[in-house]
There are 4 protein chains.
Amino acid sequence: MPGAGRADRRRHTRRLEILSAAARSFRSRGFAATGMREIAAAADLSPANLYHYFRGKQELLYFCQETSLERMLAAVRAARRARTPAAERLRAVIRAHVDCVLGEMEGAAAHLEVDDLPAPLKRRILVKRDLYERDIRRIVAAGITSGEFVDCDAKLTTQAILGALNWSVRWFRPDGERSPSDVGTAFAAYLVRGLIAAPSASRSNGRKRA
Amino acid sequence: MPGAGRADRRRHTRRLEILSAAARSFRSRGFAATGMREIAAAADLSPANLYHYFRGKQELLYFCQETSLERMLAAVRAARRARTPAAERLRAVIRAHVDCVLGEMEGAAAHLEVDDLPAPLKRRILVKRDLYERDIRRIVAAGITSGEFVDCDAKLTTQAILGALNWSVRWFRPDGERSPSDVGTAFAAYLVRGLIAAPSASRSNGRKRA
Amino acid sequence: MPGAGRADRRRHTRRLEILSAAARSFRSRGFAATGMREIAAAADLSPANLYHYFRGKQELLYFCQETSLERMLAAVRAARRARTPAAERLRAVIRAHVDCVLGEMEGAAAHLEVDDLPAPLKRRILVKRDLYERDIRRIVAAGITSGEFVDCDAKLTTQAILGALNWSVRWFRPDGERSPSDVGTAFAAYLVRGLIAAPSASRSNGRKRA
Amino acid sequence: MPGAGRADRRRHTRRLEILSAAARSFRSRGFAATGMREIAAAADLSPANLYHYFRGKQELLYFCQETSLERMLAAVRAARRARTPAAERLRAVIRAHVDCVLGEMEGAAAHLEVDDLPAPLKRRILVKRDLYERDIRRIVAAGITSGEFVDCDAKLTTQAILGALNWSVRWFRPDGERSPSDVGTAFAAYLVRGLIAAPSASRSNGRKRA
DNA sequence: TATGAATGAGATTTCATTCAT
DNA sequence: TATGAATGAAATCTCATTCAT
């Protein structure tokens, strides 16, 4: 029954278009401030018709987060499999993360507002998000253990990295001077450099203050 | 006329309490998702009475942002006046920023949702925010010029730093293992280290855009 | 106890000032759209203090209407006692009415929004208003009976007259070219002339149409 | 595509019903005192559903005024085109005005509360209202110039006429003895007679301001 | 699949009024 | 007398969602 197949494919395409529209809105105005009418308009559908593709607003958010978390998880897993130094693996993950949240791909809003999901969906997203964070943390920790990275709090450092990456959706303008790839490259360089011991140098390298 | 003075002080105290409650709510649930009822309840007032102290929700947001921006501006100005190396100045600003956004002080939400303000208030906040960012960027740029920091894009690096700092309100839990001061110290160390040339300057540096 | 007397007089003065302020507001924005805060501000009192002089908003409206109805009733009674022709008596009433509703005297809002009063007060106002209308109607009817006026529906004509007079508060501007007295004189001339038989003239004097 | 046409017509009908209900409420209780709930109930809709047809309360008022002003403008223009004496033209306008404000047609509230409109809508209504008043004033002025009417202040006289007409919505009861057409005829006769020189031109004429 | 109509719940905000001092 | 603080009720309006077609 190829007709059904074609309809299915069409439906799937539509769903991706909607997800993309929703992601864009969620990113730029936030979940609570984004109306279903707005999403529908952006996806060129009537508000009522939206409900033929998704059960509701929360499900849209869920799929947005699900989609980009999957993509980012794939990236971090590929990085972990690579036999390159921790620094290089971490840079790859950072570039992938930036590509994902700043690119025009559908669903790139994984970093946003988990609390707006109903409990069961929230749990599922949290599991993946924690897996993702843990994988990054493990790259950091591995670098520390191997001596490639300086000794530091892997957890806090990972949060700093993720913060720099996730916050980018707030200031990035697609029509600005830098491309997502520029941002990814610069962030990767800077954020990894902070894990590598500075030259024996001097008084300017550490804690100090009283 | 000490009676009037006392009444004024009382009113001022109340306003700070309300601001504090609002800031907490805005930080944890976002502006749009936070209801006036919620803020009123948190400040132990009836919803209607809230309007005796502030004209409306947007004014609350404005004062939150104004208050913490002022505090942070003071910190960054003090740092710029100091005759210490750029690294030390930057660390001081980072620690102050974290203290400000994670501390329990009223209004600590300057980094949030400028778009929800009406145009005139938005302009005023943006002016201050831009001043603040520019001051940090200047510390970074000064370090680059003097050779203390590696050559990099000062603007993007500043955004990365601010992202790491601002995002902390999303994951930080006051009852967790780390104190705001722990976070500030670790972030200062990590984020400044990334500006100092690493020793084994490998070929995998990956910046230096065209 | 002259002190009490002085306080009473003072209180009475204040009440008149408030009534005047309330009347001005009611006239220019209507009862429902006028807030107690607005009246209080116009009378230079705190909102709460207003309630020391009047029980509430409806009582203010009541006294406004009561005051000017009394004044207008006095005028119409004086006119009825006069032994002048009906035309002259009617003109006097019209001038007094205009003076009353356009002048700066307190309470000049009798023509407004009886329905906003609670039933008992409403009844009392309606009694007076009906007395007033009846007195005017009687002047009209007397003129008709005596042959001084043309034969017409006294009731409808009275409504037309009152409409012209009452509506003046909607378009009259105290800083405009005409004074209240100008308006009163012109209206008196025009509205009375309509009651006096036009010259035998022609086809242009009456019903006609089909 | 007759289906769409039918739906459109249905929607249009609904809008007229709502407008009619709103006009009735505004006329009898005033704009500020009329609640959206009330209008919704009168139009047999849920309050929320009202907003499917009109953007808000002010838009309802605007369309009420717009609708009846258009109708009245058409009447006054037709009258001006007629080659009958000024008296007859004025009578026609008066009858049309009364028909319009007292009839059960939708939107007949043009004379009400322009100040409750937002500035841009207010401007548009004022333009039309001024055109209407000017057209009536011109009929009066033409009669004066031609000697058909007595010499008088055309502006004030027009205001008197409009006041008599507009005020009628305040006292007219559809279930009373007089029909709107009775009122229109009586008002037309009386208000035009006042413009025609009375025979016994006594000294008590009292106009002719300095 | 597609959509205009419909709605209950809830948002922010205003208001007349009262209370405590 | 005077007032800032306080509030319950109600106002306008929005929103996610469902229904009927």
Side-chain angles (χ1 to χ4, degrees), chain A residues 7 10-11 14 31-40 44-61 116, chain B residues 3-4 6-8 10-11 14-15 31-40 43-60, chain C residues 7 10-11 14 31-40 44-61 116, chain D residues 3-4 6-8 10-11 14-15 31-40 43-60:
Chain A
R10 196 170 151 61
R11 181 179 169 82
R14 266 280 218 242
F31 177 78
T34 297
M36 286 298 263
R37 288 175 143 78
E38 194 179 335
I39 297 173
D44 208 35
L45 269 75
S46 75
N49 199 11
L50 203 48
Y51 287 82
H52 284 280
Y53 295 95
F54 292 95
R55 282 181 127 86
K57 204 182 169 188
Q58 291 174 321
E59 202 187 81
L60 272 173
L61 178 59
D116 291 308
Chain B
R6 200 182 311 158
D8 278 4
R10 225 183 126 63
R11 182 179 173 82
R14 248 329 198 204
R15 282 175 62 99
F31 178 78
T34 298
M36 286 300 262
R37 290 165 148 74
E38 196 178 335
I39 297 172
D44 205 35
L45 273 77
S46 77
N49 199 12
L50 201 48
Y51 288 83
H52 251 290
Y53 294 95
F54 293 94
R55 282 179 131 83
K57 202 183 172 187
Q58 290 176 321
E59 202 187 85
L60 273 173
Chain C
R10 195 169 153 62
R11 180 178 169 85
R14 267 280 219 240
F31 177 78
T34 298
M36 286 298 264
R37 288 176 143 77
E38 194 179 337
I39 297 173
D44 207 36
L45 268 74
S46 75
N49 199 11
L50 203 48
Y51 286 83
H52 283 279
Y53 294 95
F54 292 95
R55 283 182 127 85
K57 203 182 170 189
Q58 291 174 322
E59 201 187 81
L60 271 172
L61 179 60
D116 291 308
Chain D
R6 201 182 311 157
D8 277 4
R10 224 183 126 62
R11 182 178 172 83
R14 260 300 210 223
R15 281 175 63 100
F31 179 77
T34 298
M36 288 299 263
R37 289 167 149 74
E38 195 178 335
I39 297 173
D44 205 35
L45 272 76
S46 77
N49 198 13
L50 201 49
Y51 289 84
H52 251 287
Y53 295 94
F54 293 94
R55 282 179 130 83
K57 202 183 172 187
Q58 291 176 321
E59 202 186 85
L60 273 174

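Note on naming: letters A, B, ... go to the chains in the order of the sequence lines (proteins, then strands), and numbering restarts at 1 for each one.
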Chemist: Within this structure, what is the CZ-to-C1' distance between D/Phe54 and F/dT12, rounded to whole angstrom?
Modeler: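 Answer to the nearest Å: 17 Å.
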
Chemist: On DNA chain F, nearest-nucleotide positions of A/Ala32 versus C/Leu50: which is more 5'?
Modeler: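 Closest to the 5' end, via its nearest nucleotide, is C/Leu50.
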
Chemist: Distance check: side-chain N/O of D/Arg11 vs OP1/OP2 of E/dA5, anything under 4.0 Å?
Modeler: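 Yes, within the criterion.
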
Chemist: Out of F/dA16, F/dT1, E/dT1, which nucleotide sits closest to the side chain of A/Tyr51?
Modeler: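 Selected nucleotide: F/dA16.
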
Chemist: Can you tell me the pairing partner of F/dT21 across any strand shown, Watson-Crick or G-U wobble, with both distances under 3.5 angstrom?
Modeler: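 Looking at the geometry, F/dT21 pairs with E/dA2.
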
Chemist: Of the listed nucleotides (E/dG4, E/dG8, F/dT17), which one gets closest to any side-chain atom of A/Ala48?
Modeler: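 Looking only at side-chain atoms, A/Ala48 lies closest to E/dG4.
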
Chemist: Between E/dA5 atom P and D/Asp8 atom CG, what is the distance in whole Å?
Modeler: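 Checked: the CG to P distance equals 9 Å.
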
Chemist: How long is the straight-line distance from CZ of A/Phe31 back to CG of A/Leu61, given to the nearest 0.5 Å?
Modeler: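 Nearest 0.5 Å value for the CG-CZ distance: 5.0 Å.
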
Chemist: Could you state the CE-P distance from D/Met36 to F/dT12, rounded to the nearest angstrom?
Modeler: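 These atoms are roughly 7 Å apart.
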
Chemist: Could you state the CZ-P distance from D/Arg15 to E/dA6, rounded to the nearest angstrom?
Modeler: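 Between P of E/dA6 and CZ of D/Arg15: 14 Å.
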
Chemist: About how many Å separate NE2 of D/His52 and CZ of D/Arg11, when rounded to the nearest 0.5 Å?
Modeler: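 One gets 8.0 Å once the value is rounded to the nearest 0.5 Å.
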
Chemist: Looking at A/Arg14, does any N or O in its side chain come under 4.0 Å of the phosphate oxygens OP1/OP2 on E/dA2?
Modeler: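 Yes, A/Arg14 has a side-chain N/O under 4.0 Å of OP1/OP2 on E/dA2.
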
Chemist: To the nearest Å, give me how far apart CG (A/Leu61) and P (F/dA16) are.
Modeler: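 Answer to the nearest Å: 13 Å.
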
Chemist: Between C/Lys57 and A/Ser46, which is nearer to the 5' end of DNA chain E once each is assigned its nearest nucleotide?
Modeler: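 Result of the comparison: A/Ser46.
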
Chemist: To the nearest angstrom, how far is B/His52 atom NE2 from E/dC19 atom C1'?
Modeler: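 Between C1' of E/dC19 and NE2 of B/His52: 12 Å.
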
Chemist: Relative to the 5' end of DNA chain E, which residue comes earlier, C/Gly56 or A/Leu45, by the nucleotide with the nearest heavy atom?
Modeler: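 The residue mapped nearer the 5' terminus is A/Leu45.
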
Chemist: For E/dG8, give its Watson-Crick or G-U wobble partner with both distances under 3.5 Å, or none.
Modeler: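 WC or wobble partner is F/dC15.
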
Chemist: Does D/Arg15 reach the main-chain N or O of D/Tyr53 with its side chain, forming a donor-acceptor pair under 3.5 Å?
Modeler: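 Yes, the answer is positive, given that a donor and an acceptor are paired below the 3.5 Å cut-off.
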
Chemist: Side chain of A/Arg37 only, please: which of F/dA16, E/dT17, F/dT7 is the nearest?
Modeler: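 The listed nucleotide nearest to A/Arg37's side chain is F/dA16.
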
Chemist: Using whole Å, report how far CD1 of C/Ile39 lies from C1' of E/dA16.
Modeler: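 It works out to 11 Å between those atoms.
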
Chemist: Taking only side-chain N and O atoms of D/Tyr53, does any of them lie within less than 4.0 angstrom of OP1 or OP2 on E/dA6?
Modeler: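 For E/dA6, OP1 or OP2 has a side-chain N or O of D/Tyr53 closer than 4.0 Å.
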
Chemist: For a side chain to side chain contact (heavy atoms under 4.5 Å, CB included) check, start with the C-alpha distance between B/Met36 and B/Leu60, then their side-chain angles and the critical distance, and finish with the verdict.
Modeler: CA-CA 10 Å; B/Met36 286 300 262; B/Leu60 273 173; 4.2 Å; yes

Chemist: To the nearest 0.5 Å, what is the distance between OH (D/Tyr51) and CD (D/Glu59)?
Modeler: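 Atom-to-atom, D/Tyr51:OH and D/Glu59:CD are 11.0 Å apart.
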
Chemist: Atom CG of C/Asp44 and atom P of F/dA2: how far apart are they, to the nearest Å?
Modeler: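 Computing the C/Asp44:CG to F/dA2:P distance gives 11 Å.
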
Chemist: At under 4.0 Å, does any side-chain N or O of C/Asn49 touch on OP1 or OP2 of F/dT3?
Modeler: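 For F/dT3, OP1/OP2 do have a side-chain N/O of C/Asn49 under 4.0 Å.
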
